[in-house]
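Chain letters run A, B, ... following the sequence lines, proteins first, then strands; residues in each count from 1.
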Number of protein chains: 2
Amino acid sequence: MGEHRLNLSTLVFSVAIIILVSYSAKSQALKHSPRFLGKLATTGNHFAPPQFHYETRYFQQRLDHFSFSELPTFSQRYLISTEHWVGPQRLGPIFLYCGNEGDIEWFAQNTGFVWELAPRFGAMVVFPEHRYYGESTPFGSAKEAYKDATTLSYLTAEQALADFSVLITDLKQNFSAKDCPVVLFGGSYGGMLAAWMRLKYPHIAVGALASSAPILQFEDIVPPETFYNIVSNNFKRESFTCFNYIKQSWNEITSTGQTYNGLERLTKTFNLCQKLKSTGDLYDWLESAYSYLAMVNYPYPSDFLMTLPGHPIREVCKRIDGFPAGTNILERIYEGVNVYYNYTGKEKCFELDDDPHGMSGWDWQACTEMVMPMSSNQDSSMFPPYEYNYTSFQEECWNDYGVKPRPKWITTEFGGHDIHTTLKKFGSNIIFSNGLLDPWSGGSVLQNISESVVSLVTEEGAHHIDLRPSTQNDPRWLVEQRETEIKLIEGWISDYHQKNKAIFDM
Amino acid sequence: MGEHRLNLSTLVFSVAIIILVSYSAKSQALKHSPRFLGKLATTGNHFAPPQFHYETRYFQQRLDHFSFSELPTFSQRYLISTEHWVGPQRLGPIFLYCGNEGDIEWFAQNTGFVWELAPRFGAMVVFPEHRYYGESTPFGSAKEAYKDATTLSYLTAEQALADFSVLITDLKQNFSAKDCPVVLFGGSYGGMLAAWMRLKYPHIAVGALASSAPILQFEDIVPPETFYNIVSNNFKRESFTCFNYIKQSWNEITSTGQTYNGLERLTKTFNLCQKLKSTGDLYDWLESAYSYLAMVNYPYPSDFLMTLPGHPIREVCKRIDGFPAGTNILERIYEGVNVYYNYTGKEKCFELDDDPHGMSGWDWQACTEMVMPMSSNQDSSMFPPYEYNYTSFQEECWNDYGVKPRPKWITTEFGGHDIHTTLKKFGSNIIFSNGLLDPWSGGSVLQNISESVVSLVTEEGAHHIDLRPSTQNDPRWLVEQRETEIKLIEGWISDYHQKNKAIFDM
């Protein structure tokens with residue numbers, strides 16, 4: 001299946017961009033735990049006008065599928081379109097997007113690939129929202145649902161997968177569509193859910209497209225430096241001097257911050273709206289920009305959360321490197337991150353806190369199941385050195401959320417250490433699509449496992465652009481990647497039809 | 001893989017005999033829901049002196065693996081033997097018996113096959129107890145654990161599978177046995193757990209021997225008459241007149257019961273210790289004997305719970321048929337069931353209630369997840385006609401236990417309707433062994449699915465004799481069945497070793 005390994009420059013866009021660090025000052029360990037940007041999806045700032053047509057419906061779900069505790073049910077929102085569905089007689093497929101950590105409408109609008117495929121396949125499209133996000137909050141309101149560890153305790157990936165399974169089983173029954181094949185889609189955490197659902201509920205779906213799904217970013221499966229190394233390499237490959245300026249900048253920030261009026265000077269240099277409280281806040285703000293830039297380091301201009309040029313890291317480094325010799329490092333850095341934070345030039349000054357209030361669902365998930373160890377290596381990373389320390393991570397989760405993480409649970413429940421064996425023996429019809437520029441790619445599946453568990457790797461790609469709506473500017477390799485995906489999905493469905501026919505003919 | 005379908009007379013013994021009906025007067029619907037005999041395992045009556053050597057240990061488990069609710073942990077008992085284990089360097093396998101609804105020591109003692117295999121394979125043996133049974137009761141005591149629907153709510157199959165997975169993962173770590181292959185064993189409900197665990201946790205075990213595992217006895221997958229029809233056919237094939245006497249006996253009992261002093265007369269005819277309260281109780285007592293006889297209808301004498309001759313149903317029918325023409329039907333029936341209840345002749349009279357107090361764990365499971373519809377067909381069954389009625393079943397569960405069953409949950413979580421497709425695509429290294437005389441065989445997998453998902457069907461077999469200790473009286477077909485199983489398991493392990501070696505060599 002070597003033909004599925006696209007040897008092309010690529011760019012992977014993001015439906016749910018994962019960012020590693022929070023802008024706001026977080027406790028040290030949590031700061032270094034991965035965090036998805038899903039909650040930005042709820043702010044409404046970045047909502048494009050709806051491009052796709054669907055109905056919004058609600059389904060009553062159990063709060064705990066795996067016990068018979070008497071708990072209140074909750075109303076799960078889902079978006080559904082039967083516009084192009086050819087119906088049960090013709091075994092029209094059902095495309096199920098595994099909603100991730102945010103408002104499902106946002107994911108629906110950013111997952112054009114699924115909508116574009118629907119008419120081609122005669123498919124029904126369903127976007128169920130992930131529990132505890134968007135409108136799908138238990139206990140009547142987000143405020144109640146996020147109140148404490150007790151109310152949050154049912155926010156787990158396994159419960160979400162059971163939600164999807166129960167919903168789709170009910171929908172199939174209501175549409176008399178018992179025999180219609182279900183195809184799963186998902187990007188980022190949603191891609192992890194799609195892959196896991198294909199493994200755990202093979203009787204429910206015939207295949208899964210798991211785009212940029214870091215299912216191996218747990219325990220010791222991949223080195224903890226992986227993520228920051230990939231971000232750093234994104235800069236290094238553009239310019240070694242740029243990489244070095246950034247690497248040196250942290251000490252510069254710290255020493256400046258320690259001088260008299262240092263924080264004021266940093267506030268001025270970085271054009272911050274409010275006076276900097278600590279150099280740590282500035283670290284976070286910069287680290288976040290670099291990590292995020294690596295995720296969206298694609299070769300054409302885009303307008304996703306931030307307006308950015310094509311090859312944005314190239315542009316950042318051009319600015320950092322472009323000053324005459326002797327220019328202060330921090331001046332260079334400031335100019336560089338302006339590409340990320342202010343490419344349009346409209347920002348008058350910068351706010352460091354994106355959301356100072358409240359607890360995000362993903363933070364809870366990171367402190368419970370989604371324990372992804374992250375370090376920054378002194379030599380290979382341009383970030384400040386940081387060694388992952390589980391003990392302090394655990395302490396901080398306890399202090400912040402009153403919960404004890406279960407760092408080995410995900411690999412116990414879903415596997416991971418022997419993923420190749422597991423996928424080879426059990427998996428089938430899964431596409432793991434990844435771009436090697438994406439810092440999350442290091443935690444995903446980058447090798448073809450079998451004839452039907454396929455890795456689509458695009459060397460120049462970043463975070464799951466394949467799921468985005470197609471545009472006229474799509475590079476050739478992206479068009480080809482999507483064509484490969486479509487062919488594979490067609491194969492799953494036609495295999496299913498053949499098997500189904502064989503059963504009817506018996 | 002036709003060679004794996006043993007075309008031999010067989011007999012399948014029982015580790016955990018499943019019985020369909022309770023002796024005690026139960027509500028109508030629940031009475032007709034299947035019930036395992038695991039609780040008899042806790043009475044200690046039938047405990048053979050320990051034949052096998054193991055250590056007893058305890059492991060702290062979460063009560064709800066799928067939420068982060070703050071609940072008390074519980075102590076799961078497990079039996080372990082490393083006596084024959086060749087250790088981690090030689091990748092010695094780990095044999096894990098999936099404990100079912102009862103005291104784990106009882107299962108250990110009745111699963112000689114696993115112990116006998118251990119030296120041959122150089123295997124570690126682990127028998128974890130199923131939560132809420134034996135000593136593995138949450139909340140400090142059985143009394144507290146069984147108090148009400150709230151305390152019982154975590155008694156589910158998925159939680160039990162997670163217990164096994166967490167335990168074995170921890171054990172492997174403690175024994176530095178990460179790479180040692182785990183083979184699952186289970187009989188009856190334990191066999192269901194073994195098959196499901198192989199499907200849900202393929203990264204944890206390399207294969208499963210699921211003996212007499214009725215994983216399809218849910219919803220409408222198999223006709224609800226299946227169980228009672230198989231029991232009835234066990235009698236019909238011995239003697240059509242015998243079948244007919246039993247079929248006619250119910251009306252005879254009812255009409256006798258309605259006469260003056262009728263219950264006294266029945267009490268006398270059936271030699272009951274206490275006066276019969278209702279003919280229903282007698283129905284239950286007889287139905288239970290017939291169903292159980294079918295499960296243990298094996299061709300040599302045995303001493304499992306009851307002392308029985310070989311071919312016990314043949315013996316029952318010999319007695320029923322043996323009276324001169326004109327003999328009262330109830331006299332015939334009484335003589336017949338004496339084979340089951342009093343083969344030794346030691347019983348002075350019969351007690352109808354086996355355990356009038358308390359709620360059994362299996363009853364709870366039957367009223368929550370394990371909803372197995374059962375009907376008795378007017379024409380093909382010798383039992384009183386009964387049509388499964390979900391509405392009344394649900395009402396009775398609500399009245400009895402304050403819980404609402406989820407009849408579609410098992411098939412949503414584990415599949416079932418398209419089990420052949422699922423097993424073919426996903427399953428591997430599973431043996432479904434069944435004897436066709438076993439009334440539970442109708443709800444199991446009776447066809448070879450693929451090269452490595454194999455059905456071993458023995459035509460004369462009853463309930464999972466293959467898991468019992470071997471004896472000198474084992475018929476040839478049983479010896480051959482076990483040899484086939486051993487060869488298959490050897491194949492799983494050698495495949496695993498080869499793959500493992502290939503990975504090391506890379």
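- A:H417 does not touch chain B: none of its heavy atoms, backbone or side chain, sits under 4.5 Å away.
- Residues B:Y132 and B:W364 place their aromatic rings such that the two centres sit no closer than 6.0 Å.
- Taking the centre and axis of the six-membered ring of A:Y154, the NZ or CZ atom of A:R62 falls outside the cone set by 45° and 6.0 Å.
- If you measure heavy-atom distances from A:K408 to chain B, the contacts under 4.5 Å come from the side chain alone.
- Using the six-membered ring where Trp is involved, A:H130 and A:Y133 have ring planes that are perpendicular, over 60° apart on the 30 and 60° scheme.
- Each of B:K424, B:K404, B:E369 has some count of heavy-atom pairs under 4.5 Å with chain A, and the biggest count is that of B:E369.
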Q | side chain to side chain contact (heavy atoms under 4.5 Å, CB included) between A:F164 and A:I204, intermediate numbers included | A | CA-CA 10 Å; A:F164 298 156; A:I204 287 183; over 6 Å; no

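- Checked by atom type, the side-chain pair A:R131/A:T137 shows no donor-acceptor distance below 3.5 Å.
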Q | CA sep, side-chain torsions, deciding dist, call: B:T368, B:W409, side chain to side chain contact (heavy atoms under 4.5 Å, CB included) | A | CA-CA 9 Å; B:T368 50; B:W409 171 243; over 6 Å; no

Q: Evaluate side chain to side chain contact (heavy atoms under 4.5 Å, CB included) for B:I215 paired with B:W196, printing each intermediate quantity in order.
A: CA-CA 9 Å; B:I215 59 169; B:W196 287 336; 3.8 Å; yes

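- Looking at A:T156, the atoms closer than 4.5 Å to chain B (heavy atoms on both sides) all sit in the side chain, from C-beta outward.
- Neither the backbone nor the side chain of A:T150 comes within contact range of chain B; no heavy atom of the residue lies under 4.5 Å from a heavy atom of that chain.
- For the options B:K200, B:E158, B:Q159, heavy-atom pairs under 4.5 Å to chain A are most numerous at B:K200.
- Of the two parts of A:T151, neither the backbone nor the side chain holds a non-hydrogen atom closer than 4.5 Å to a non-hydrogen atom of chain B.
- Both the backbone and the side chain of B:H65 come within contact range of chain A, each with at least one heavy atom under 4.5 Å from a heavy atom of that chain.
- Only the backbone of A:F414 comes within less than 4.5 Å of a heavy atom of chain B; no side-chain atom from C-beta onward does.
- Comparing B:A162, B:S428, B:P202 by heavy-atom pairs within less than 4.5 Å of chain A, the highest count is held by B:P202.
- Within the 4.5 angstrom heavy-atom criterion, only side-chain atoms of B:N429, from C-beta onward, approach chain A.
- Within the 4.5 angstrom heavy-atom criterion, only side-chain atoms of A:D418, from C-beta onward, approach chain B.
- Contacts between A:V166 and chain B at a heavy-atom distance below 4.5 Å involve backbone atoms as well as side-chain atoms.
- Contacts between A:T422 and chain B at a heavy-atom distance below 4.5 Å involve the side chain alone, from C-beta outward.
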